[in-house]
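One structure is given here, and the rest of the page talks about it.
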Amino acid sequence: MVSLPDGTLVPAIGQGTWFLGESPLTGKQEVQAIRAGIDAGMILIDTAEMYGNGKSEELIGNAIQGYDRDRLFLVSKVYPHHAGKKNIWKSCKESLRRLNTDYLDLYLLHWRGSIPLTETVECMEQLKEEGLIRRWGVSNFDTADMEELWQIPKGKNCSVNQVLYHMASRGIEYDLLPWMRSHKIPLMAYCPLAQAGDLKGGLLESPCLNQIAKAHGCSVFQVLLAFVIRGGDVIAIPRTGKKEHALDNARSIAVKLTEEELAEIDRIFPAPKEKVYLDIV
Ligand code: NDP
């Protein structure tokens with residue numbers, strides 16, 4: 001489990017949902033995958049008003065029917081151009097309607113846009129007071145963005161920063177992750193599976209990873225997740241539309257990489273030795 005700044009514990013592996021809900025042909029299977037994921041403990045579900053223009057949120061709204069809402073942890077994101085006084089209430093309420101719920105556990109600014117951060121923070125705090133969201137955070141914020149946020153009134157109420165992080169993209173380990181750790185703000189890792197290897201050619205075929213997977217009797221995907229969550233303060237949100245994969249992802253919690261394995265991973269997929277600007281998709 002990972003502790004949020006307010007002490008709430010969330011599982012280190014949740015569920016991403018980008019691209020889910022977009023095709024009626026796969027909708028039923030995707031609902032089954034999300035439900036299997038919840039049943040296996042992945043109660044944190046990440047979505048955004050952007051995903052499929054709300055279709056991902058609708059799919060989740062459908063998938064969570066019958067579950068005790070208080071047991072779930074729903075995360076959605078507002079477009080940067082909606083993250084101000086003019087549009088954020090409409091965006092938030094539409095996300096709630098599509099998700100079939102009356103509050104979000106976490107609402108994120110999807111990435112920085114032209115609306116001043118002070119205005120977004122004020123709106124987020126107001127949404128919190130009104131009970132529409134329990135807490136808020138940011139996404140795609142690099143170290144300098146976090147520093148800026150920390151200078152803003154109530155900016156320190158940020159609960160999470162969601163950024164790209166996977167074994168072959170370790171730029172954040174240089175300064176962003178240490179910054180987050182020193183401020184006790186958990187990091188939420190998106191694309192933890194490098195989009196099934198698409199973001200890094202040869203990743204899944206790596207002999208090192210296949211050997212480690214074999215030693216643990218697990219898949220390379222599970223090794224990738226175990227790597228991302230190894231520090232205890234990173235939440236990974238892999239996305240799958242398949243039940244079996246959801247179950248595999250949930251089981252990655254039990255995969256503990258040894259010091260030797262981590263050293264071998266460092267050799268093949270080294271962390272950078274200088275500042276690397278945030279990777280995004
Ligand atoms: P991921 O790194 O999670 O990779 C998803 C791919 O991995 C899919 O093709 C999926 O296919 C496959 N997969 C998942 N589990 C397994 C498994 N156990 N075995 C084999 N294949 C598997 O990519 P995403 O880009 O989806 O990132 C994760 C989530 O992060 C998103 O869904 C979204 O919620 C969030 N995100 C946030 C961003 C932001 O700007 N804040 C940007 C990008 C993503 P299959 O369906 O066949 O299992």
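The basis for the numbers below is simple: all heavy atoms, side chains too, and nothing from hydrogens, waters or symmetry mates. Numbering of residues begins at 1 and proceeds along the displayed sequence. Given the structure is predicted, the values throughout are model-derived calculations rather than measurements.
- No side-chain N or O of Tyr165 forms a donor-acceptor pair with one of Asp279 less than 3.5 Å apart.
- No side-chain donor-acceptor contact under 3.5 Å links Lys86 to the backbone of Ala83.
- One N or O on the side chain of His183 and one on the backbone of Trp179 form a donor-acceptor pair closer than 3.5 Å.
- Linking Ile, Leu, Val, Met, Phe, Trp and Tyr residues whenever their side-chain heavy atoms come within less than 4.5 Å places Leu209 and Leu257 in a single cluster.
- Side-chain atoms of His110 and Gln162 include no donor-acceptor pair closer than 3.5 Å.
- By the 6.0 Å and 45° rule, Lys55 does not stack over the aromatic ring of Tyr51.
- Between the side chain of Asp142 and the backbone N or O of Ala144, no donor-acceptor pair lies under 3.5 Å.
- Atom-to-atom distance recorded for Glu58:CD and Thr47:OG1 is 10.0 Å, nearest 0.5 angstrom.
- Within the 3.5 Å criterion, the main-chain N or O of Val75 finds no donor-acceptor partner in the side chain of Asp105.
- At least one donor-acceptor pair under 3.5 Å links the side chain of Arg35 to the backbone N or O of Ala63.
- Partners of Leu204 according to the side chain to side chain contact (heavy atoms under 4.5 Å, CB included) rule, which considers only residues two or more places apart in sequence or in another chain, are Val220, Phe221, Leu224.
- Listed by first and then second residue, the salt bridge (Lys or Arg N to Asp or Glu O under 4.0 Å) pairs that reach into residues 235-249 are Asp248-Arg251, sequence neighbours excluded.
- Other residues, nucleotides and ligands contribute at most 12 non-hydrogen atoms within 6.0 Å of the NZ atom of Lys154.
- If you check the side chains of Glu125 and Trp136, you find a donor sitting under 3.5 Å from an acceptor.
- Considering CG of Leu108 and CE of Met124, their distance stands at 7.0 Å, rounded to 0.5 Å.
- Within the 3.5 Å criterion, the main-chain N or O of Leu72 finds a donor-acceptor partner in the side chain of Arg69.
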Donor-acceptor pairs are to be reported for all side-chain atoms of residues 16-24 against protein atoms at under 3.5 Å, with residues two or more places apart or in another chain.
from, atom 1, to, atom 2, distance (Å)
Thr17, OG1, Asp46, O, 2.6
Thr17, OG1, Ser56, OG, 2.9
Ser23, OG, Leu25, N, 3.1

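- If you take CZ on Arg98 and CG on Asn53, they are separated by 8.5 Å, rounding to the nearest 0.5 Å.
- Residues forming a side chain to side chain contact (heavy atoms under 4.5 Å, CB included) with Glu122 (at least two apart in sequence, or on another chain): Lys85.
- Within the structure, no pair that satisfies the side chain to side chain donor-acceptor pair (under 3.5 Å) test touches residues 197-208, not counting sequence neighbours.
- Considering only residues two or more places apart in sequence or on other chains, Arg134 meets the salt bridge (charged side-chain N to carboxylate O under 4.0 Å, His left out) condition with none of them.
- Of the possible donor and acceptor atoms, none in the side chain of Glu30 sits under 3.5 Å from a partner among the backbone N and O of Leu59.
- With 3.5 Å as the limit, one finds no donor-acceptor pair spanning the side chains of Glu49 and Ser95.
- Distance check: Cys123 SG to Tyr107 OH gives 10.0 Å after rounding to the nearest 0.5 Å.
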